Structure formats: C-alpha cells, structure tokens
Protein chains: 2
Amino acid sequence: MDDRLSRVFSALADPIRRDMVARLAVGDATVNELAEPYAVTVQAVSKHLKVLEDAGLVSRSKQAQRRPVHLEAEVFDLMTKWIERYRLEAEQRYQRLDAVLAEMAVGEPDQAKTRSEGEAS
Amino acid sequence: MDDRLSRVFSALADPIRRDMVARLAVGDATVNELAEPYAVTVQAVSKHLKVLEDAGLVSRSKQAQRRPVHLEAEVFDLMTKWIERYRLEAEQRYQRLDAVLAEMAVGEPDQAKTRSEGEAS
DNA sequence: AGCGAAGTCAACCAAAAAGTTGAACACGCA
DNA sequence: TGCGTGTTCAACTTTTTGGTTGACTTCGCT
C-alpha cells in the first residue's frame with residue numbers, strides 16, 4: 001500500500017472512516033466531536049484521521065488546541081476517474097461482444113475457435 | 001470489514017487486484033493468465049481473486065478444468081454512488097458558505113454566533 | 001488407465017492494521 | 001502559575017492480510 005490510489009481505497013474500506021467522511025461532508029468537526037458516536041477511544045479516532053489525512057481525503061488546521069478536520073473533496077476525482085475508466089472499457093467490450101454475437105447469428109453459427117486458447121478475448 | 005462497500009473498497013486497495021480488474025476490463029482471463037505478470041505464486045493470485053469475488057467485482061464460471069474470470073462492472077455503481085453523494089454534499093456546502101460570506105460582506109460583518117459550539121455545521 | 005495442466009485447499013509465517021492504556025504536549029483561562 | 005481540555009505519541013496486543021509451500025481435485029488427452 002504505497003501509491004495514492006491504494007491509500008485512498010484503503011482509507012475508505014473502513015466503515016468508521018467512511019462514516020467520518022460522510023459527516024465531514026456536512027461540515028468540519030473536531031476530533032472529539034468525530035469520536036463521540038463510536039465505541040472506540042479518541043486515540044483510535046485520531047489514528048483513523050491520520051489514515052484519512054495520509055490518503056489526502058482530509059486536512060487538519062490548528063486553531064488553538066483543537067484541530068478542526070476538513071474534507072478535501074478533490075481526491076474523489078482520482079477514484080471516480082479510475083472507476084469510470086474501467087467501467088467504460090468493460091461496457092464498450094460488451095457492446096463489441098454483442099455486435100460479434102449478432103454477426104454470428106446471421107452468419108455461420110459454429111465458430112469453434114479451438115486454437116492455442118492462450119489469450120483472453 | 002463486513003458490508004459490501006467495505007469489501008469493494010478493500011478489494012481495490014491492493015495494486016495487484018486493481019491491475020487485475022484493469023486487465024479484466026479488456027476481456028475475461030484464466031487464473032494462470034492473470035497470474036503471469038506478477039512475481040507471486042498462482043495460489044496467491046487465486047486468493048486475490050477470491051477477495052475480488054467476495055466483493056462481487058468478479059465472477060468465475062467453470063469451463064472444463066479452467067475457470068475464466070469475468071469482471072462484474074455493475075458493482076462500480078455502488079462506489080460511484082457513495083462517492084458522488086458526499087462529493088456533492090461537500091460542494092454544495094462550499095456554495096452555501098460562499099453565499100453566507102457574500103451576505104456578510106454586504107450586511108453586518110459581526111455575526112458572532114457563540115452558542116453551544118457543539119455541532120459541526 | 002494414467003500423465004499433465006489448471007485451480008483450489010490447508011497450514012503456516014511475517015508484516016500491517018486496528019485497537020487498547022498511559023504518558024506527554026499545547027493551549028486558554030481563572 | 002498551574003489546572004483542564006483537546007489531541008497526539010509510544011508501547012503493546014490481537015486480528016487480518018498477503019505471501020509461501022505442499023498436497024489434492026478435476027479434467028482433457030493419448
């Protein structure tokens with residue numbers, strides 16, 4: 001887990017961290033406020049925040065002795081770009097496959113294709 | 001890590017698994033084909049596939065003694081929905097904030113609002 | 001009937017993650 | 001000046017993860 005995308009996905013793999021992101025979408029909050037709903041210590045929440053921060057999902061400014069946590073929504077783009085890219089590729093492939101199947105339906109129906117069998121597609 | 005979304009995010013937190021998804025977007029593949037580029041055993045790849053399968057990202061049909069792996073792109077929707085929801089919430093919040101700031105600029109500039117300080121908003 | 005290829009299962013290991021407790025640090029305030 | 005609050009740091013434990021090796025199953029092929 002070294003690259004950015006891995007850190008982002010990994011950060012959001014935890015329900016508590018996802019819930020914290022959900023709450024931060026509504027407004028900044030302090031560590032104690034964030035910790036309050038969960039059945040874990042505030043130290044554990046502090047660690048969760050570090051994970052989110054390392055992933056670039058969150059930033060912490062210091063204001064007196066409290067550190068308001070702020071959601072950095074731009075990182076979401078990184079994920080959506082990755083997801084959309086492969087979703088699209090897969091969808092386009094289905095369209096091509098449909099075209100091929102349609103072609104086969106009108107053409108000859110037995111294209112056994114028992115060659116080397118090595119590659120996918 | 002029990003719910004669906006956690007499993008999906010967690011599955012994609014690993015670079016090898018993300019790469020496998022990327023390759024499967026282009027076409028189905030067998031376990032050995034998938035394993036080939038990586039410096040790990042085929043057993044390890046089999047485990048990775050189990051993780052992807054448990055997340056619903058991939059399905060395996062059995063065809064003779066090989067099990068072609070197939071990408072299930074629908075699961076991506078689950079993620080994008082989650083992501084978009086909070087991205088939008090955060091963005092709308094900024095717009096509201098901008099509106100408030102603009103209002104304050106023309107109106108009275110000292111709306112101290114030092115009440116309970118309890119909630120984030 | 002039996003070899004060989006493709007996958008999986010089981011047991012194990014090391015490293016990382018998620019949690020704990022306890023101590024320390026950094027302020028504001030009386 | 002020193003107490004209290006908010007947060008982090010450090011050390012430790014337990015669970016999960018990603019990897020290994022070795023044995024086993026399933027099938028096609030000759």
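A note on names: the letters A, B, ... follow the listed sequences, proteins ahead of strands, and every chain is numbered from 1. Just so it is clear, the structure is predicted and the values come from calculations on it, not from any experiment.
With sequence neighbours excluded, the residues forming a side chain to side chain contact (heavy atoms under 4.5 Å, CB included) with Thr80(A) are Asp77(A), Thr80(B), Ile83(B), Glu84(B), Arg87(B), listed by chain and number. Listed by chain and residue number, Val40(B), Thr41(B) satisfy the side chain to side chain contact (heavy atoms under 4.5 Å, CB included) test with Ala44(B) (two or more places apart in sequence, or in another chain). In this structure, the side chain to side chain contact (heavy atoms under 4.5 Å, CB included) partners of Glu74(B), at least two apart in sequence or on a different chain, are Glu72(B). Looking at residues two or more places apart in sequence or on another chain, you find a side chain to side chain donor-acceptor pair (under 3.5 Å) between Arg17(A) and His48(A). In this structure Arg4(A) satisfies the side chain to side chain contact (heavy atoms under 4.5 Å, CB included) test together with Arg7(A), Val8(A), Val75(A), Leu78(A), sequence neighbours excluded. Every residue was checked against the side chain to side chain donor-acceptor pair (under 3.5 Å) condition with Asn32(B), not counting sequence neighbours, and none meets it. Take Glu53(A) and apply the salt bridge (charged side-chain N to carboxylate O under 4.0 Å, His left out) test, not counting sequence neighbours, and it matches Arg60(A).
Nearest approach of Ser6(B) to Pro15(A), heavy atoms of both residues: OG-CG, 3.6 Å.
DNA chain D is contacted by Gln43(A), Ser46(A), Lys47(A) of residues 40-50 of chain A, taking any non-hydrogen atom closer than 4.0 Å.
Straight-line distance from the CG atom of Asp14(B) to the C1' atom of dA15(C): 14 Å, rounded to whole Å. Distance, Phe9(A) CZ to dT17(D) P: 17 Å, rounded to whole Å. With rounding to whole Å, Glu53(B) atom CD is found 10 Å from dC9(C) atom P. Per the geometry, CZ belonging to Arg18(B) stands 12 Å off P belonging to dG18(D), to the nearest Å. Here the P atom of nucleotide dA5(C) and the CD atom of Glu33(B) are 16 Å apart, to the nearest Å. Whole-Å rounding puts the Tyr38(A) OH to dT20(C) C1' distance at 19 Å. The interatomic distance linking Leu52(A) (CG) with dT7(D) (P) rounds to 15 Å, in whole Å.
Summary of helix geometry: the two end axes of the helix from dA1(C)-dT30(D) to dA30(C)-dT1(D), each defined by five base pairs via their C1' atoms, are inclined to each other by 10° (rounded to 10°).
The side chain of Arg17(A) approaches dA18(C) more closely than any other nucleotide in the set dT7(D), dA18(C), dA6(C).
Look at Arg18(B) and Asp3(A) and you find a salt bridge, because one of the NZ, NE, NH1 or NH2 atoms lies within 4.0 Å of a carboxylate O, short of that distance.
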**Fill in**
Counting primed atoms, P, OP1 and OP2 as sugar-phosphate and everything else as base, the B/S/- map of nucleotides 24-30 of chain C against protein heavy atoms under 4.0 Å is ---BS--
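Contacts classified as salt bridge (charged side-chain N to carboxylate O under 4.0 Å, His left out) and involving residues 39-52 of chain A (residues at least two apart or in different chains) are given here: Lys50(A)-Asp54(A). Legend: ring-ring contact (aromatic ring centres under 6.0 Å, His included) pairs involving residues 57-93 of chain A, not counting sequence neighbours, sorted by first then second residue: Phe9(A)-Trp82(A), His70(A)-Tyr94(B), Trp82(A)-Tyr86(A).
OP1 or OP2 of dT8(C) sits under 4.0 Å from a side-chain N or O of Arg60(B).
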